[in-house]
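Chain A is the first sequence line, chain B the second, and so forth, proteins listed ahead of strands; every chain is numbered from 1. Both backbone and side-chain heavy atoms feed into the values below; hydrogens, waters and symmetry mates do not. Here the structure is a predicted model, which is why all the values come from computation and not from measurement.
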There are 2 protein chains.
Amino acid sequence: MDMSLDMKSSGMKSSGMKSSLIKSKRPTLQDVANLVGVTKMTVSRYLKDSNQVSPQLRIKIKEALDDLGYIPNRAPDILSKSKSHAIGVLLPSLTNHVFAEVIRGVESILEPAGYQTMLAHYGYSQEAEEARIATLLSYNVDGLIISESYHTERVRKMLSVAGIPVIEIMDSTSPPIEQAIGIDNQAAAYAMTECMIKKGHSKIVYFAARMDQRTLLRLQGYKAAMHDNGLTDLCISTDSASSFSMGEQFMKEALEKQPDTDGIFCTNDDLAIGALFACQKAGIKVPEEMGIAGFHGHDIARVMVPLLATVITPREEIGRLAAEHLLSRLKGNPVTEKVINLPFKIEPGESI
Amino acid sequence: MDMSLDMKSSGMKSSGMKSSLIKSKRPTLQDVANLVGVTKMTVSRYLKDSNQVSPQLRIKIKEALDDLGYIPNRAPDILSKSKSHAIGVLLPSLTNHVFAEVIRGVESILEPAGYQTMLAHYGYSQEAEEARIATLLSYNVDGLIISESYHTERVRKMLSVAGIPVIEIMDSTSPPIEQAIGIDNQAAAYAMTECMIKKGHSKIVYFAARMDQRTLLRLQGYKAAMHDNGLTDLCISTDSASSFSMGEQFMKEALEKQPDTDGIFCTNDDLAIGALFACQKAGIKVPEEMGIAGFHGHDIARVMVPLLATVITPREEIGRLAAEHLLSRLKGNPVTEKVINLPFKIEPGESI
DNA sequence: CCATGAATTGTTACCTGTAACATTATCATA
DNA sequence: TATGATAATGTTACAGGTAACAATTCATGG
């Protein structure tokens, strides 16, 4: 039996040196095959469908695999088929718990389907978004889930050239590259503002942080509702990230700028909760003297005293749906709905 | 000029068909080279260090790259060098915001260093952990950050065979595979329990969810402190995940089982916040009639009324340090400290 | 006892970028 | 002009698993 060709890999492992001292390379199929005395093709067949291999060999191959601790290697497959079984997920931020829930939704679908998630974030910078997308594509991801709706020309070109399915998530109002899944942020903010007005609030201030596209859309919705009801809008904002303490700070600012403020609508629950606690500390009664509403439906909003008014958004479902539609497209199905507009829910709670 | 060999890839793209109709393969270096009229090696040199290529070619190559929208491909490199520039991060859960902060810390180091994060989670199941680790290794990750301290024999074998640096995070008390970074959960729980006792609470109940290893360690610390002070311990727990509403529910349960309960120590802030709001709803004064403490130092704990007593843990720093030490090891540096024990901080707040 | 076909195993080529080595072009100096 | 050095470009081989095709084995029926 001529094994000269087969001995290329695996070095001279059998020469009796203590393996713990050798920086031994991770075993390949060839190493397993050498141990059994067959070609790597036979071992490959065993791994894909053991029925293709004779019963005697099955036992020996299994032993060899366990013995060497063989770990499958996707690299050759990725190279030859350009299929990685990995999905790139690109989000603006990991700080925001909203995106953590999106990831959870995505993973709940991808993981059972045997797909690996490659996570990246770009801190709301378009330059960084370009770089992250290039990186994800360099790993030959089979599909991409991205957020935001504005993309540079270079990003669009890369996505087009890559030829993989892309799904944009979070907002449903901009024309998608291929397919978008999200909510109508502007309509949601309009609805909540109207709800606050109906409850009797009129000097409502908008709290915004991280002026990304979705926040701007919500701001527009708020302004439209105020205007349609003959009220004056006022926005307090920052470019940095939102936080509970930012909400506290904004509350003070609002009362300075407009002492008769009787309502606060926040671009997310973090700010709203901070504002609410600031009122409690200052002895301002919520909702009698100050109505406070948030956005997204943070878990805590459903247990706190008073219950926070908020717009309940289907973050996790957005993630799930994005993953499901991506998998469907990977199976070759065409895009059925270019835009999937999910419903939001106005939860008045006890704070407005 | 004989180009017969060079025309293998790229098909017959130049034959005037509308490229938008062709399911065109993503361009390779060969395609770029064909367009310029050089070999792919020259283009490869340009990409790595454009000085290695003549000035005239530089211009033409740049044009061709832009024109075709070439995207680098890591697959060949991963195959031939077994280096992916990707780091696997394996966490028990993505639901828990504590882990979201760990991820943030990890990414804050890995991303600027040019490493890609491959995220996976295993829902506290050892079987799933095995599968996830095998998957991450199949992508040839250059290093791994994992949590938990107990691992199956198969996991240990895989990690050993893979020969890549591995860092375990979250707890610092178990002997690590190679290196561990975390806090002493047991000592932290002991300290907080003692603090509650000193504040005058004695019938303290422990709320636990998701009985993972860290929760069990904290429970031990609580029990030890109670015992050392001659007090009786009582634990209310569930195997499912913690949540704010779970904390509310536990509060009712505690008062049924032990009506004179005057303190609650929770394995995390979610439960504590839920318990606190339950007290507010029931008219139980905190901390006068009921002391409540949490664990981790959720952002909200620092703004709520009353301020929540909690153990402030350096989640993000754990992530950062893990990534930094991993990068250091990838540069060839040896493990300097097998265990890095980070300090926690007892924050009494206003709720005990 | 050989032909037939199914079952089993082997062989070759391929995917793409780059290290290592080889070749050709360019230029200054003897 | 020849020569050697340097710059620029080309050629070959390789990483590891698998598709596609080839070869071998073996049992069964004619």
Side-chain angles (χ1 to χ4, degrees), chain A residues 1-11 25-34 36-61 65 68 70-85 137-140 162, chain B residues 1-11 25-34 36-61 65 68 70-85 137-140 162:
Chain A
M1 200 188 303
D2 180 10
M3 295 184 72
S4 55
L5 276 171
D6 291 341
M7 292 306 284
K8 279 187 297 185
S9 348
S10 91
K25 218 169 39 77
R26 161 173 160 175
T28 67
L29 272 196
Q30 185 68 65
D31 297 321
V32 179
N34 288 345
V36 178
V38 293
T39 59
K40 56 182 181 169
M41 196 60 225
T42 306
V43 184
S44 172
R45 288 196 182 99
Y46 170 86
L47 289 174
K48 295 194 71 181
D49 174 13
S50 61
N51 288 326
Q52 288 186 46
V53 166
S54 66
Q56 312 91 289
L57 271 185
R58 272 176 228 169
I59 297 163
K60 290 173 76 178
I61 291 176
L65 287 168
L68 294 177
Y70 175 77
I71 303 164
N73 184 356
R74 283 186 202 249
D77 229 50
I78 297 177
L79 177 57
S80 57
K81 298 213 234 335
S82 299
K83 287 261 174 275
S84 60
H85 262 68
L137 292 177
S138 79
Y139 284 101
N140 292 275
Chain B
M1 197 188 305
D2 179 10
M3 295 184 71
S4 55
L5 276 170
D6 291 342
M7 291 306 285
K8 277 187 298 185
S9 347
S10 92
K25 219 168 37 75
R26 158 173 164 176
T28 68
L29 272 197
Q30 184 68 65
D31 297 321
V32 178
N34 289 345
V36 178
V38 294
T39 59
K40 56 181 179 168
M41 196 60 226
T42 305
V43 184
S44 172
R45 287 196 182 98
Y46 170 87
L47 288 174
K48 294 195 73 182
D49 174 14
S50 61
N51 289 326
Q52 288 187 47
V53 166
S54 65
Q56 312 91 288
L57 271 186
R58 270 176 229 168
I59 297 162
K60 291 173 75 179
I61 291 177
L65 286 168
L68 294 177
Y70 176 76
I71 304 164
N73 183 357
R74 282 186 203 250
D77 230 50
I78 297 176
L79 176 57
S80 58
K81 300 213 232 337
S82 301
K83 287 260 174 277
S84 61
H85 262 68
L137 292 176
S138 79
Y139 283 100
N140 292 275

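- At the heavy-atom level, A/L57 lies under 4.0 Å from the strands shown only through sugar-phosphate atoms.
- Atom CZ of B/R45 is separated from atom OG1 of B/T39 by 7.0 Å, given to the nearest 0.5 angstrom.
- Nucleotides of DNA chain C nearest to A/T42 and A/K81 differ in position, and the one nearer the 5' end is that of A/T42.
- Proximity of residues 43-53 of chain A to DNA chain D (heavy atom under 4.0 angstrom from any strand atom) is restricted to A/S44, A/R45, A/K48.
- For B/S80, taking side-chain heavy atoms from C-beta onward, the closest of the listed nucleotides D/dG17, C/dG17, C/dT11 is C/dG17.
- Considering only heavy atoms from C-beta on, A/L47 comes within 4.5 Å of A/Y70 through its side chain.
- B/Y70 has a side-chain polar atom (N or O) that falls below the 4.0 Å cut-off from OP1 or OP2 of C/dG17.
- In the set D/dG10, D/dT18, C/dT16, the nucleotide with an atom closest to the side chain of A/L79 is C/dT16.
- Between B/S54 and the phosphate of D/dT9, there is a side-chain N or O to OP1/OP2 separation shorter than 4.0 Å.
- For the OP1/OP2 pair of D/dG16 and a distance below 4.0 Å, the side-chain nitrogens and oxygens of A/K25 include at least one atom meeting the criterion.
- For A/K81, the side-chain hydrogen bond (donor to acceptor under 3.5 Å, both in side chains) partners at least two apart in sequence or on another chain are A/D77.
- Side-chain contact check for A/T42 versus A/V36: every heavy-atom pair is 4.5 Å or farther apart.
- No side-chain heavy atom of B/I78 sits under 4.5 Å from any side-chain heavy atom of A/I78.
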